[in-house]
Number of protein chains: 2
Amino acid sequence: MKDPGEAHEAMPAEPTQARRFGKTRVAQASALLEDYAELIADLIASGGEARPTDIARRLGVSHATAIKTIARLKREGLATSRPYRGVFLTAAGEALAARVKARHLLVVALLQAVGVPGEAAEQDAEGIEHHVSDVTLAAFSAFLKRREG
Amino acid sequence: MKDPGEAHEAMPAEPTQARRFGKTRVAQASALLEDYAELIADLIASGGEARPTDIARRLGVSHATAIKTIARLKREGLATSRPYRGVFLTAAGEALAARVKARHLLVVALLQAVGVPGEAAEQDAEGIEHHVSDVTLAAFSAFLKRREG
DNA sequence: CATCGATTGTAGCCAAGGCTACACTTTGGA
DNA sequence: TCCAAAGTGTAGCCTTGGCTACAATCGATG
Ligand SMILES: [Mn+2]
Ligand SMILES: [Mn+2]
Ligand SMILES: [Mn+2]
Ligand SMILES: [Mn+2]
């Protein structure tokens, strides 16, 4: 009588499905912050600084939009910035960026491993990555290890 | 001298990356409509009708939210409804629902095929599906065919 | 056939994430 | 040195997608 999870068909599907959709909504809410963190880390690593205009250009949005999102990053404790200086990541922001970058790479690798062509893999990974849970990520990693070495 | 896509490193990364992020934003914009269409088709198939309250319950949102999104579905020509009657899909809505359902199933199958446990596959697929392009979907299909039969 | 509970619809609020327009710094080149 | 272009910031607008509160309708049951 254990395992209330998978077993019988009798339980109403509603609560399970509602929970899934809810988690998807939550995941979506952090997607943009994740991309910003990853991108800011990237810009700093490659050029020493992350300027609002560079961020905006890379994301394909207006600089006003970028600045507003940077304000949200600051509100959430992920970044710091002072007027007319660049944007910097807090420790939390750097941790997020590192996690997100690793995940991004793994998702692209997994897609390519199952036969998705390069540019499609890069394109789709940009959205997919934000919905890959730790459990799924671990499975991806195991799959790649198993088949590549 | 062909293939301006992948080759050398020299081109600026900006426009490519901006295009990717832009496409991801576009994909995200249709995600909710896709889920509604799939769910409405499901409710009609299983119970004969799709009522706003049922839709809301399955999605885990308030009925007011569901009704507002149903209004958007109607605006976009995907559904019809008259006061106090259920919601119905137009031909376009049904086509979308069918496409989305097939894609959902394929994404779940692919995830499980690479070793993602059942519930994680179902959970993550709910978000991932909206970012899987036709090219990627074809690759998933080919991968599954190759390894299962 | 009246009424009460469930369903449906409406109004108004909020935050996120886009945008344009305009104002203010910064900074490099003449 | 100074001044114009580039970058930065602010204001105000829009849509989407959440919510609660309240009003209206429907329908089952006494
Ligand atoms: Mn991304
Ligand atoms: Mn990414
Ligand atoms: Mn979905
Ligand atoms: Mn789905």
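Just so it is clear, the model here is predicted, and its values are computed rather than measured. Labels below follow one simple rule: chain letters A, B, ... track the order of the sequence lines, proteins then strands, and each chain is numbered from 1.
Between A:Thr65 and the phosphate of C:dG17, there is no side-chain N or O to OP1/OP2 separation shorter than 4.0 Å. Between B:Arg51 and C:dT7 there is no side-chain polar atom (N or O) within less than 4.0 angstrom of OP1 or OP2. Here B:Thr53 does not reach the OP1 or OP2 of C:dT7: none of its side-chain N or O atoms lies under 4.0 Å away. An OP1 or OP2 oxygen of C:dA16 is reached within less than 4.0 angstrom by a side-chain nitrogen or oxygen of A:Arg75. Listed pair A:Arg25 / D:dG17 fails the phosphate criterion, with no side-chain N or O lying under 4.0 Å from OP1 or OP2.
Distance CG (B:Leu33) to C1' (D:dG17): 11 Å, rounded to an integer number of Å. Whole-Å rounding puts the A:Lys68 NZ to C:dA16 P distance at 10 Å. Note: CG (A:Asp54) to C1' (D:dT8) measures 12 Å, nearest angstrom. If you measure from atom OH of A:Tyr84 to atom P of D:dA6, you get 16 Å, rounded to the nearest angstrom. One can place CD1 of A:Ile70 at 16 Å from P of C:dA16, the figure rounded to the nearest angstrom.
Looking only at distances, a side-chain donor or acceptor of B:Thr90 sits under 3.5 Å from a matching main-chain atom of B:Leu78. Looking at B:Arg103, its side chain does come within 3.5 Å of a backbone N or O of B:Glu129 through a donor-acceptor pair.
For D:dG7, its base never sits under 3.5 Å from the side chain of A:His63 at any donor and acceptor pair.
The pair B:Arg57-B:Asp54 meets the salt-bridge criterion, with a side-chain N (NZ, NE, NH1 or NH2) lying under 4.0 Å from an Asp/Glu carboxylate O.
Comparing A:Val61 and A:Glu76 along DNA chain C, the residue whose closest nucleotide (by nearest heavy atom) sits nearer the 5' end is A:Glu76. Heavy-atom distances to DNA chain C give each of B:Arg57 and A:Ala29 a nearest nucleotide, and the one nearer the 5′ end belongs to B:Arg57.
Defined by atom type and a distance below 3.5 Å, a donor-acceptor pair is missing between the side-chain atoms of B:Glu126 and A:His131.
Closest contact between the side chain of B:Arg72 and the listed nucleotides D:dT16, C:dC19, D:dG9 involves D:dT16.
Looking at heavy atoms from C-beta onward, B:Thr24 lies out of side-chain contact with A:Asp124 at the 4.5 angstrom threshold.
Residue-level contact check: A:Arg85 touches neither bases nor backbone, having no heavy atom under 4.0 Å from any strand.
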